[in-house]
Amino acid sequence: CRTDDHVIKGVMVTKFPVILGHEAAGIVESIGEGVTTVKPGDKVIPLFLPQCRECNACLNPDGNLCIKIDITGRGVLDDGTTRFSCKGKPVYNFFNTSTFTEYTVVNEFSVAKIDDAAPLEKVCLIGCAFSTGYGAAIKIGKVTPGSTCAVFGLGGVGLSVIMGCKSAGASRIIGIDLNKDKFEKAKAVGATDCISPKDSTKPISEVLSEMTGNTVGYSFEVIGRLETMVDALASCHMNYGTSVVVGAPPSAKMLTYDPMLLFTGRTWKGC
Ligand code: NAD
Ligand code: ZN
């Protein structure tokens with residue numbers, strides 16, 4: 001997913017020097033003292049969003065943001081150390097994982113055992129993009145059968161949102177991207193229509209309203225831009241619509257929006 005690139009571009013802040021990579025699958029090489037849930041040889045998916053199974057987010061059926069997540073970019077393992085170094089100087093971890101490596105060290109709560117038969121080169125996507133997008137539609141948006149959905153951004157995460165909307169039974173799924181090369185894949189995974197904001201001088205919310213007879217029940221921002229977060233909000237139905245922000249917010253940026261968008265009844269959620 002794009003998140004590693006956000007660090008390179010400075011959109012997301014973490015400690016440098018760093019080994020990026022947070023979406024992966026691998027095999028346990030060895031375990032530390034007291035580790036019980038995995039053993040050498042197990043296939044696993046590293047978890048940038050860990051599961052300590054003890055904090056109040058892990059214990060709440062509606063929660064998933066474990067307190068052990070390194071959302072502030074501390075860049076170290078739970079014991080405050082990093083196990084990477086270069087010429088005697090520390091090299092930091094990214095999101096408790098650092099998977100652009102052949103070997104990495106993670107906390108036990110940052111890894112999940114998977115089926116022995118799972119093909120690693122495919123299930124790595126469950127480490128971020130697929131779970132994020134699919135969950136955004138099913139668990140956060142709670143898309144209903146027969147509904148109309150609009151998905152802004154057709155990268156790996158946006159495509160996974162489309163799959164979630166389809167599996168929830170949405171009858172119309174509109175993909176929105178500046179890059180028309182993304183349309184073919186989006187349609188292959190379930191988009192019924194695809195549009196580019198470049199093709200109209202009208203605001204995209206108006207284009208979507210006209211296309212659908214003003215029935216967009218769910219919209220998803222899967223890009224990570226402030227303007228498209230507000231565009232997506234304005235694109236869902238003014239009364240019963242739900243808009244989910246999936247894209248990572250650019251660090252140190254504030255968002256301005258017209259509160260009237262919420263006053264009429266829209267729901268705005270993050271995930
Ligand atoms: P991506 O870069 O592959 O896809 C983004 C798409 O948006 C591209 O196809 C691009 O052409 C399109 N786009 C860019 N600007 C646009 C605009 N103004 N209007 C319309 N389309 C535009 O990214 P991705 O890997 O799919 O990730 C999407 C976002 O989700 C990123 O910001 C990523 O950091 C974030 N993310 C968040 C979570 C989470 O936990 N909430 C998890 C994973 C990824
Ligand atoms: Zn990611």
Side-chain angles (χ1 to χ4, degrees), residues 1-14 20-25 45-51 57 63-66 69-71 73 94-100 110 123-141 150-164 174-187 189 191 193-200 202-205 207-208 219-235 243-251 253 255 268-271:
C1 105
R2 173 69 69 180
T3 306
D4 297 297
D5 186 64
H6 284 332
V7 176
I8 294 167
K9 301 268 161 61
V11 173
M12 187 176 266
V13 174
T14 192
L20 294 173
H22 69 287
E23 185 180 59
I45 293 181
L47 308 173
F48 76 90
L49 179 44
Q51 45 176 12
N64 73 340
L65 195 74
C66 175
I69 189 174
D70 187 15
I71 203 121
F94 182 57
F95 261 137
N96 313 76
T97 46
S98 291
T99 58
F100 288 164
S110 295
V123 297
C124 53
L125 294 177
I126 297 174
C128 185
F130 177 73
S131 323
T132 300
Y134 193 84
I138 303 283
K139 295 238 179 194
I140 309 296
V151 181
F152 288 71
L154 303 175
V157 186
L159 295 177
S160 305
V161 172
I162 292 175
M163 291 184 227
I174 305 166
I176 300 126
D177 203 299
L178 291 173
N179 181 354
K180 291 186 178 177
D181 292 345
K182 306 277 176 159
F183 292 178
E184 192 185 334
K185 190 55 96 29
K187 286 183 177 162
V189 298
D193 316 69
C194 286
I195 56 172
S196 166
K198 283 193 213 153
D199 286 346
S200 174
K202 288 183 192 167
I204 192 78
S205 56
V207 175
L208 285 164
S219 63
F220 299 85
E221 200 279 355
V222 207
I223 304 166
R225 293 173 49 88
L226 302 180
E227 299 80 3
T228 41
M229 288 176 189
V230 179
D231 286 347
L233 176 66
S235 297
S243 188
V244 182
V245 176
V246 184
S251 76
K253 289 268 169 33
L255 182 60
W268 207 5
K269 304 177 92 171
C271 85

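Numbering of residues begins at 1 and proceeds along the displayed sequence. Atoms within each ligand, like the ligands themselves, are counted from 1 in listed order.
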Between I195 and I204, is the side-chain contact (heavy atoms from CB on, under 4.5 Å) condition met? List the steps. CA-CA 9 Å; I195 56 172; I204 192 78; 3.7 Å; yes
Heavy atoms of A186 and L154 approach each other most closely as CB-CD1, 3.8 Å
Where on M12 is there a heavy atom closer than 4.0 Å to ligand 1, on the side chain, on the backbone, on both, or on neither? neither
Between K180 and D199, is there a salt bridge with N-O shorter than 4.0 Å? yes
Looking only at distances, can you tell me whether any N or O atom of R2, backbone or side chain, sits closer than 3.5 Å to an N or O atom of ligand 1? yes
Check contact between A129 and ligand 1, using heavy atoms of the residue and a distance below 4.0 angstrom. no
Closest protein heavy atom (residue, atom, distance) for atom 28 (C) of ligand 1: V222 O, 3.2 Å
Between C128 atom SG and C1 atom SG, the angle centred on the Zn ion (ligand 2) rounds (to 10°) to 120°
Any donor and acceptor pair, going by atom type alone, linking the side chain of T228 with main-chain N or O of G224 inside 3.5 Å? no
Main-chain N/O of G133 paired to S160 side chain as donor or acceptor, under 3.5 Å: no
Look at atom 36 (N) of ligand 1 and find which of D231, V244, L159, V246 reaches it with the closest heavy atom. V246
Counting both backbone and side chain atoms, is some N or O of H6 under 3.5 Å from an N or O of ligand 1? yes
Using distance alone, decide if ligand 1 has a nitrogen or oxygen within less than 3.5 Å of any nitrogen or oxygen in A248. yes
Is I223 close to ligand 1, meaning an N/O of one under 3.5 Å from an N/O of the other? yes
Applying a heavy-atom cut-off of 4.0 Å, say which part of T132 lies close to ligand 1: side chain, backbone, both or neither. side chain
If you count the atoms of ligand 1 from 1 in the order shown, which ones are under 4.0 Å from a heavy atom of N179? 11 (O)
